[in-house]
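Numbered from 1 within each chain, the chains take letters A, B, ... in sequence-line order. Values in this document were obtained by computation on a predicted structure and should not be read as measured data.
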Amino acid sequence: MATSAFSRLPGFRDFPPEDLAFRNHIFDAWRRVALRYGFLEYDGPPLESLDLYVEKSGEEIVGQLYNFVDKGDRPVALRPEMTPSLARILGERNRAMSKPIRWFTVPQLFRYERQQRGRLREHYQWNVDIVGEDGVGADAEVLAVAIDALRELGLGAEDFRARVSDRRLLSALLVALGVAEDRLMQAFAVIDKIERQGGEKTRERLISETGVDADAAARIVELLSESSLEGLAARFGDRPEVREELARLEEYVGILRAMGLGDFVEVDLTIVRGLAYYTGIVFELFDRKGELRAICGGGRYDRLLELVGGDPLPAVGFGMGDVVLGELLRERGLVPPYARTVEYFVVVVGDGERHAALSLAHALREQGRSVAYSFKGQSVRKQFKAAEQEGAAQVVVVGPDEWARGVVMVRDMSTGAEREVPVGDLAGS
RNA sequence: GUGGGCGUAGCUCAGUCGGUUAGAGCGCCAGGUUGUGGCCCUGGAGGUCGCCGGUUCAAAUCCGGUCGCUCACCCCA
């Protein structure tokens, strides 16, 4: 509406009760699934030292941070992601912890960027990580957690899919096709863009940015559409370094199939996940229609803890935001109906029964029941309307005649059935 | 940061070849004579037509700017 001096900041959200209920619906599913897999919940501060992010991503990241200098002259930033904090926390205490460490968290993250669909300046992101385990079983476990969370929220294989790849496999394939070792990062950057830029542009960029010839560039682009591990094995089976990487991804997919999650998983070599810290298997979850941004992304990052000054520990994890996921759930009609409810609404017939009614209401609350009533004397009709508004399951009518006989009238609002109940039965005395 | 689209009640919108006190539905409030809700009926509150400026006798309507929202790009979570 009208722009007031006190309007909400762009990219930030309010959560009135109905919206908060939906958010909690998502959070609850996340927590249930994480706990089901034996993960422990943790948290950290929303404000961190700016260096924590510059260290990992370079100076250019500062332009996208909510950062400032605090009153103690410390450069600080609202956390844009959780993984650096996790690395810091574990760096301080992992030696005393048994491995593997399985932790999850639901932090609110901030990023100073222009907002658009699925992307605000603030969001909540479920982070799930396994630290201290380099086996592919941990990679598979983490993806299974992500898939099961979406299933928990009512989404199925017809709604979303996980696209998986492995940077080590892609590296081996690219080297086999003529990309120099020191140009692999550039090649990743180009391949990461193939979906938006198309094969033609990708070929051109591979030639100009990674130094391969036109023939090799064409073969690389063609290779990227190969989605079957068997196909890759048939083509590169004679190369031991490729076979080794292929075997790991096969085991990974095999584990997920054994869990019954095979329908959700597709190998896709174009998934490389930005440029940051991933070192092995990477994955992203997308809606099947391809209308939305990635719902979730993650993978193995074996060097990160070392990078922020901790012990070298292998790690794998993912982040899943509430914004894109919320959009998908809304589109699929998977928003649970919202309705306010109280168990009892106490109707006071006349002022003479007001104190009696209050004592009864409070006795019910002492028993843990939710109870509401009108704060001022109103007609019974009016009070019933209020009870309706509150979503009361039962209305307790405290009237002079009944109260004199030690009973109250209880009406079941869904059936309309009424019965007299001794006050002692309700008050629990 | 760049470009396109859009800004009328709390919500969804109508109203613009410029012309009297800007409308509807839903929601909200009050009432339908303090012993009964959903339906219904009556009444009411609520809008500087995003904001600023310009053109005009006259602007929600035309023009410019600005802010906000939104989509795409960039980049990424």
Side-chain angles (χ1 to χ4, degrees), chain A residues 1-5 7-14 16 18 53 56-58 60-66 78-84 106-127 189 192-193 196-197 272-278 284-285 291-299 317-325 339 345-354 357 374 376-403 408-418 420:
Chain A
M1 241 344 66
T3 41
S4 141
S7 60
R8 197 159 25 86
L9 256 25
F12 287 80
R13 297 170 290 175
D14 292 324
E18 189 165 357
Y53 306 111
K56 182 180 71 75
S57 314
E60 64 275 12
I61 189 93
V62 177
Q64 302 182 343
L65 291 176
Y66 260 102
L78 286 169
R79 58 188 177 195
E81 57 171 329
M82 197 61 186
T83 310
V106 184
Q108 187 175 24
L109 305 178
F110 306 86
R111 195 125 178 163
Y112 195 88
E113 285 188 310
R114 178 171 292 190
Q115 68 158 325
Q116 50 186 292
R117 186 172 196 205
R119 217 169 148 194
L120 309 175
R121 288 182 170 178
E122 146 278 318
H123 75 153
Y124 290 87
Q125 189 189 65
W126 185 38
N127 276 241
D192 188 41
K193 298 277 181 296
R196 289 205 176 284
Q197 302 191 326
V272 299
R273 299 282 303 149
L275 285 173
Y277 41 73
Y278 291 102
E284 293 186 346
L285 267 46
E291 294 171 338
L292 305 172
R293 294 168 179 282
I295 302 162
C296 165
F318 69 81
M320 182 186 293
D322 69 317
V323 180
V324 176
L325 176 56
F345 192 100
V346 178
V347 166
V348 186
V349 174
D351 285 338
E353 294 79 49
R354 188 144 198 92
S374 297
K376 60 189 177 193
Q378 288 179 312
S379 68
V380 171
R381 169 191 174 84
K382 189 79 181 167
Q383 292 181 73
F384 263 88
K385 284 191 176 184
E388 173 71 21
Q389 285 287 326
E390 298 276 351
Q394 313 270 328
V395 167
V396 178
V397 181
V398 180
D401 304 339
E402 295 98 326
W403 190 259
V408 289
M409 183 74 83
V410 177
R411 180 183 178 90
D412 182 304
M413 291 296 273
S414 57
T415 67
E418 291 187 346
E420 286 191 345

Quiz item: Using the P atom in both, what is the distance from B/A14 to B/C74, to the nearest Å?
Solution: 34 Å
Quiz prompt | Rounded distance [0.5 Å steps], CD in A/E113 versus CZ in A/R119 | solution = 4.0 Å
Quiz item: Shortest non-hydrogen contact from A/A357 to A/V398?
Solution: CB-CG2, 4.0 Å
Quiz item: Hey, does A/G416 reach any base, or is it just sugar-phosphate, or nothing, if we go heavy atoms under 4.0 Å?
Solution: base
Exercise. Would you mind reporting whether A/N127 and A/T83 have side-chain heavy atoms less than 4.5 Å apart?
Key: yes
Quiz prompt | Whole angstrom value for the distance that separates P of B/G68 from CZ of A/R13 | solution = 19 Å
Practice problem: Inspect the contact between A/R13 and A/E122 and indicate whether a charged nitrogen and a carboxylate oxygen are less than 4.0 angstrom apart. | Solution: yes
Self-check item: A/E418 CD - B/U36 C1' separation (whole Å)
Solution: 7 Å
Practice problem: Report yes if a side-chain nitrogen or oxygen of A/K382 is closer than 4.0 Å to either non-bridging phosphate oxygen (OP1 or OP2) of B/A30; otherwise report no. | Solution: yes
Quiz item: Contact class for A/L120 (heavy atom, under 4.0 Å): base, sugar-phosphate, or nothing?
Solution: base
Quiz item: For A/E122, which contact category applies under a 4.0 Å heavy-atom criterion: base, sugar-phosphate, or nothing?
Solution: nothing
Exercise. Indicate, with a heavy-atom threshold strictly under 4.0 Å, whether A/G399 touches base, sugar-phosphate, or nothing.
Key: base
Quiz item: Side chain of A/Q383, base of B/U34: donor and acceptor closer than 3.5 Å?
Solution: no
Quiz prompt | Nearest-nucleotide pick for A/R293, side chain only, options being B/G31, B/C76, B/G35 | solution = B/C76
Self-check item: Closest non-hydrogen atom pair between A/D192 and A/R273, with its separation
Solution: OD1-N, 4.0 Å
Practice problem: Quickly work out the A/K376 NZ to B/C29 P distance and round it to whole Å. | Solution: 11 Å
Quiz prompt | Spacing between A/M409 atom CE and B/U34 atom P, to the nearest angstrom | solution = 18 Å
Quiz item: Looking only at atom P, what distance separates B/G15 and B/A9, rounded to whole Å?
Solution: 15 Å
Quiz item: Has the side chain of A/E390 got a donor or acceptor atom that lies under 3.5 Å from a matching backbone atom of A/A387?
Solution: no
Practice problem: Measure from the side chain of A/K193, starting at C-beta and using heavy atoms only, and say which of B/G38, B/G35, B/C75 lies closest. | Solution: B/C75
Exercise. Using the C1' atoms only, state how far B/G47 lies from B/U8, rounded to an integer number of Å.
Key: 8 Å
Self-check item: Pi-cation contact, A/Y112 with A/R121 (under 6.0 Å, within 45°)
Solution: yes
Quiz item: How does RNA chain B look in dot-bracket notation if pairs are Watson-Crick or G-U with both distances under 3.5 Å, crossing ones as [ ], other-strand ones as |?
Solution: (((((((..((((.....[...)))).(((((.......))))).....(((((..]....))))))))))))....
Quiz prompt | Pairwise C1' distance, B/C28 and B/A72 [rounded to whole Å] | solution = 39 Å
Quiz prompt | Presence of A/R196 side-chain N/O under 4.0 Å of B/C73 phosphate oxygens OP1/OP2 | solution = yes
Quiz prompt | Separation of B/G10 C1' from A/D14 CG (nearest whole Å) | solution = 14 Å
Quiz item: Where the side chain of A/D14 meets the backbone of A/P16, is there a donor-acceptor pair that is under 3.5 Å apart?
Solution: no
Quiz item: Starting at CD of A/Q378 and ending at P of B/A30, how long is that distance when rounded to a whole Å?
Solution: 7 Å
Quiz item: Roughly, in whole Å, what's the span from CG in A/L65 to P in B/C75?
Solution: 17 Å
Quiz item: RNA chain B: A/G11 or A/F110, which has the more 5' nearest nucleotide?
Solution: A/G11
Practice problem: Please tell me which of the listed nucleotides, B/C28, B/G32, B/C73, lies nearest to the side chain of A/Q389? | Solution: B/C28
Quiz item: Starting at the 5' end of RNA chain B, which residue's closest nucleotide do you reach first, A/Q197 or A/G118?
Solution: A/G118
Quiz prompt | Euclidean distance for C1', B/G54 against B/A58 (whole angstrom) | solution = 15 Å
Practice problem: Taking atom C1' in both B/C52 and B/G46, compute the distance separating them and give it to the nearest angstrom. | Solution: 25 Å
Exercise. Could you check which of B/A77, B/U36, B/G35 has an atom nearest any side-chain atom of A/D401?
Key: B/G35
Quiz item: When rounded to the nearest Å, what value does the distance between C1' atoms of B/G23 and B/C49 take?
Solution: 12 Å
Quiz item: Looking at B/G38, B/C75, B/A30, which one has an atom nearest to any side-chain atom of A/R119?
Solution: B/C75
Exercise. Could you tell me whether the side chain of A/V323 reaches within less than 4.5 Å of the side chain of A/L120, counting heavy atoms only?
Key: yes
Quiz item: Any idea which of B/G37, B/U34, B/C75 is nearest the A/F384 side chain?
Solution: B/G37
Quiz item: Over how many whole Å does the gap from A/E113 atom CD to B/C69 atom P extend?
Solution: 15 Å
Quiz item: Quick one: the side chain of A/R381 and the base of B/G32, do they pair up donor-acceptor inside 3.5 Å?
Solution: yes
Quiz item: Say you pick atom P in B/C39 and the same atom in B/G19; how far apart are they, in whole Å?
Solution: 39 Å
Quiz item: Is there a donor-acceptor pair under 3.5 Å between the side chain of A/S374 and the backbone N or O of A/K376?
Solution: no
Quiz item: Does OP1 or OP2 of B/U36 have a side-chain N or O of A/K385 closer than 4.0 Å?
Solution: no
